[in-house]
Amino acid sequence: MLWLADFFSIFLLPKFTMASYHFNTIEKNWQKFWAENQTFKAENNSKLPKYYVLDMFPYPSGAGLHVGHPLGYIASDIVSRYKRHNGFNVLHPMGYDAFGLPAEQYAIQTGQHPAITTEENIKRYREQLDNIGFSFDWSREVRTTNPDYYRWTQWIFLQLFNAWYNKQSDKAEPISELIKTFETIGNKGIQAACEETVLFDAAQWKAYSEKEQQKILLNYRLAFLSETMVNWCPELGTVLANDEVKDGVSERGGYLVERKLMTQWSLRISAYAERLLQGLDTLDWTDSIKEAQRNWIGKSEGTSLRFLLTSPLAPLQGRGERISAIEKQGDDEDLWFVTADKKIYARLKEFALENRKNQTFSEDIIWQNIRDRQVENVKFRRQHIIDRFIADFVSFELKLIIEIDGLIHSLEENKISDEIRTGILNDHGFAIIRFTNEEVNADLEGVLSRLRDIIKKTKSTSSSPREKGVGDEVNPHIEVFTTRPDTIFGVSFLTLAPEHELVAQITTQDCKAAVDAYVTASKNRSERERMADVKTISGQFTGAYAVHPFTGAPIPIWIGDYVLAGYGTGAVMAVPAHDSRDYAFAKHFNLPIPQVVEGGNIELESYDAKEGQLINSDFLNGMEVKVAVKKAIEKIEAEGLGQGKTNYRLRNAVFGRQRYWGEPIPIYYKDEIPFAVDEQDLDQIILPAVDKFLPTETGEPPLARAANWSYKGYPLETTTMPGWAGSSWYYLRYMDPRNTKEFVSKEAVDYWQNIDLYIGGSEHAVGHLLYARFWCKFLKDIGKVPFEEPFKKLVNQGMIQGISCLVHRVNNENKFVSEGLKSKYETTPIHIDVNLVTNNIVDIEKLRAWRPAEFKDAEYVLEDGKLICQAEVGKMSKRWHNVVNPDDICQQYGADTLRMYEMFLGPLQDAKPWSTQGIEGVHRFLKKAWRLFHNNPTEDFEISEEVATKAELKILHKTIKKATEDIEHFSFNTSVSAFMVCVNELQDLKCNKRSILEPFLILLSPYAPHICEELWKLCGHADSIEKASWPSFNADYLIENEFYYPISFNGKVRFNLNFALDMDLKEVEVQVIANEQTQQYLEGKTPKKVIVVKGRIVNVVV
RNA sequence: GCCCAGAUGGUGGAAUCGGUAGACACGCAGGACUUAAAAUCCUGUGGCUUCACGGCUGUGCGGGUUCAAGUCCCGCUCUGGGUACCA
């Protein structure tokens, strides 16, 4: 009979009792249970407080998940479960960001529709995610590629298309309102974030054709078409955003990227630069991510400053339109160049000419009476462009503008825009006098006499010796932007970007050939070359000089490609003593380097620091830099030389790609003008079938291949949205994922609000996170969401790196040597599959089987009977054979072990290499925890109803405290160790009491939910442990009445003594001194001082 | 160059307020149980030194503050990440 008993105990019992920890079965059962019972379904109408935990949703790649992917998901899952235990209604969803290049590249190669590839990949991702036991509410899954989803991405695009940014109210407003304003007063005085635009009044607006009107509106829309320099990647056939380009090659694939001028959809993110910057201060994000965004936005405060040229501009060549009707009228048009905002000069000029031809009756009367110096010998010009406005009549001598207003100016709303206009003109130093049509018509003499009075008064007061400012100079100027106006007296030359518009006109005859050659050369240099070659200093002297605004000294004007045309004004005032780039330039070309701030050694390098006293600087002498900056700006503004100004580096975002696998842009073209598709028709604008996923023969995007790609008989836009479109708002869709009426209902977004915790990789620091913030602010402006920032708290999980394993093959032999012996041979390292290796020891039999051709018949030179390989840390990638699939870990150790081990590896935020060294320890811990609930020899489930002892309660409450605090601080690694300590201590006490073990299970369940559910059920609970409340911490159990004090001498701990904690500190001191050991360490000396810190330490100072 | 983060045993890491450095785990060494293996359990484990008790030393480097420094201050070195002719 003994034989039979042995048979059962060895072969049958382990399989049929609940004795040991069968994680595979347990985990599958509970995953099924959660799915069937919808345990983690979040309710939209709940009385509970909400908590929204979001992971950055993945792009489902063909390679599937590796062990690095779930790291953040595990952390967010722990927080979600913790919050549910604490009575929160938790929204913890998951979805897929599935538009993207890999599926599309695969489609081009194989002809398989990317939707099919995507579907397969998603299926695999879902299986892998399910294996890990996440508490996602899968009923809310979203996919950016699903037409039910992307119709709302398209809808948001339409909202952007139908909005403009009003700088006065500092928010986006409907374009329909703007059109109403145009219809009543035109665009004068409107402060918009917009492209260059002409000025017009209501009558002119109404006179425009629809096409002209739409063209103008496009300049205002937040989603707009424009000719822009884009990063074109010919290999990928698409345009890339700045943050998708690294060192001149594409981030994905590493293909060469070139600069190219293209008509592109763009989003006016630059309008939000300041709000995106300010908002950062309100966020609980890491400093490094906030800094990255600040750098990207690149705000710099400084001042614009005009340098007059010493000689007039060379006549422009090849500009026939200058010989026009206006010159015949004898007006000196060159002046316009000085006073007009040169960016919009050409457009304004048309208006001015138009105005002259069609003067109103009253304007004409005034002109006839003031022309040819009829009044007080003052010369007036008519319809002159100043800044962005057209003045009716102007005298530069007196800096006086006369405006004849029609009825329209008396309208209430127009008064405001007139005020702005007046303000800007006043800034330029002009006074404005207004007469109405009625006044002129009714009482011409009265008007003229008032005019005479004003002129006389102005003449007597405007006897300023220095006649500076716009309008007075016949010679043109160069405007620079500087953040260091304090160093104005250190300027020794100006540098213009080679592309600067004045280069051709200022260059003297002798310098022309060299300058032209230089300009051509830098034009042909690719972006890549320019970046690769930042150390070579190059430039050319133009032969022209500018005048120093304060000293009047001539300043040579150079061109150099270290100055970028696209930033600031494309021109810099070079202060070589205090700017390293100017310094290098000056050294190279032997230009003077005058020092104006004390400090550094100018012989060796520039002194760029913003501290020190000003020297050699006239009115700034002796001031600290910070004071001098303020003073300099004051002076520059007072003298009309420039204004304080803020620049941002943030560029508008390109929003189109010449690709198939993206959201179609819901725009159709009528007479080449873009129009929005009606919102209710968006369900028609779904990705059409195409024969190939390649551009057409004529180079049009793949959508052009689709039959009937049209709307209302007009052609539809053929470019698609970029990868970041769908991810910029997905967090809102999770709140109300199946809504067919709206992108999200007001009730849902009002309840869930913004995300309490967002977890994802830091690689999205500027791309996704900035775009999503931009869209959120826009949606707030148009009243669709109640908050301004989408992600309150952001945690970046560190990357899990792979360890690749290298074996050493002896050169020219089929022989491999162990790591320690490789120095004896000439060897080549070869990557082998990391799964063949345990603790750097290669399983040779597995290796032979892995690639028989290479390893089966090879000879192996071992050390201590083992083949040791070399380990290297790097990215986890198929290429290095070091990808570890979480499925394998779940199979071998269970999901609970995987979850706890990933948390145990180290701080969530740190990058760390994946290694299975140590996973055994976590697995052993779970087995130990399991055994606490089971009888030792029989292995039956058994817990005791006995009352817990003080020691047991202390262990429990210490753990409650630690686990709670650690989750709040995202310190998951230390809470895992706290659980281990707890189990070790309970095991030592042989504690199996329900009152201790049940609360412990709840603490552990966010980390290891499957095993906890199983044990919870065995404890006799019918419901999921998920429904249990988090145990409350009672500090009373931790109170100690004595403490084992370390006794130290001069800071060195020598021994310990036990004292009651409520003992008087003086008494402790007395007892310590009296102690025999103390006397030994004192060696007869008297202690100088004894420090007793209650419950901490005793230090005796000898 | 600039910005941010970091550097602790053979390894991953802990020390949350300036108060016993190295928790927890891996690995390693030794032991128990076993015919054996697996599993499990026990002991030890920063370095140097000592038969031992113990002593000295020790948190990247050099200084400083303090009764007391991994922790605070000053100056460096190195590593990781971001960013760049942005005036």
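Proteins come first, then strands; the chains are lettered A, B, ... in the order of their sequence lines, and each starts at number 1.
The aromatic ring centres of A:Phe1059 and A:Phe1043 sit 6.0 Å or more apart. A:Tyr583 and A:His578 have their aromatic ring centers separated by at least 6.0 angstrom. In this structure, the ring of A:Tyr901 has its center less than 6.0 angstrom from the ring center of A:Trp914. Taking the six-membered ring for Trp, A:Phe585 and A:Tyr562 have ring centres closer than 6.0 Å.
Within 4.0 Å (heavy atoms only), A:Pro907 reaches sugar-phosphate atoms of the nucleic acid but no base atom. At a threshold of 4.0 angstrom between heavy atoms, the contacts of A:Val1093 include nucleobase atoms, whether or not backbone atoms are also involved. Here A:Asn647 lies out of heavy-atom contact (under 4.0 Å) with every strand. A:Lys1052 comes within 4.0 angstrom of the backbone, heavy atoms only, and of no base. Using a 4.0 Å heavy-atom distance criterion, A:Ile1091 is classed as a base contact.
Contact annotation: A:Tyr1045 side-chain N/O to B:U20 OP1/OP2 distance is not under 4.0 Å. Remark: A:Asn796 is not in phosphate contact with B:G81, judged by side-chain N or O atoms under 4.0 Å from OP1 or OP2. Distances shown here put every side-chain N or O of A:Arg581 at or beyond 4.0 Å from the OP1 or OP2 atom of B:G1. Contact between the side-chain N/O atoms of A:Asn973 and the OP1/OP2 oxygens of B:A14 is found at a separation under 4.0 Å. Checking the phosphate oxygens (OP1, OP2) of B:U16, no side-chain nitrogen or oxygen of A:Ser971 falls inside 4.0 Å. At B:U40, one or more side-chain N or O atoms of A:Lys927 fall inside 4.0 Å of OP1 or OP2 (strictly under the cut-off). Here A:Arg1054 reaches the OP1 or OP2 of B:G55: one of its side-chain N or O atoms lies under 4.0 Å away.
For A:Arg924, the side-chain atoms get nearest to B:G27 when compared with the rest of B:G19, B:G27, B:A21. Each of B:C86, B:C41, B:U83 was ranked by its minimum atom distance to the side chain of A:Trp296; first place goes to B:U83. Which of B:C24, B:C41, B:U20 sits closest to the side chain of A:Met980 comes down to B:C24.
Mapping A:Ser1048 and A:Tyr1081 onto RNA chain B by nearest heavy atom places A:Ser1048 closer to the 5' end of the strand.
Here B:C73 is in the anti range [glycosidic angle more than 90° from 0].
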CA sep, side-chain torsions, deciding dist, call: A:Asp910, A:Lys912, salt bridge (charged side-chain N to carboxylate O under 4.0 Å, His left out)
CA-CA 6 Å; A:Asp910 292 3; A:Lys912 51 229 151 195; over 6 Å; no

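One donor-acceptor pair, N or O on each side, does fall under 3.5 Å between the base of B:U16 and the side chain of A:Lys962.
Whole-Å rounding puts the A:Ile1097 CD1 to B:U20 C1' distance at 6 Å.
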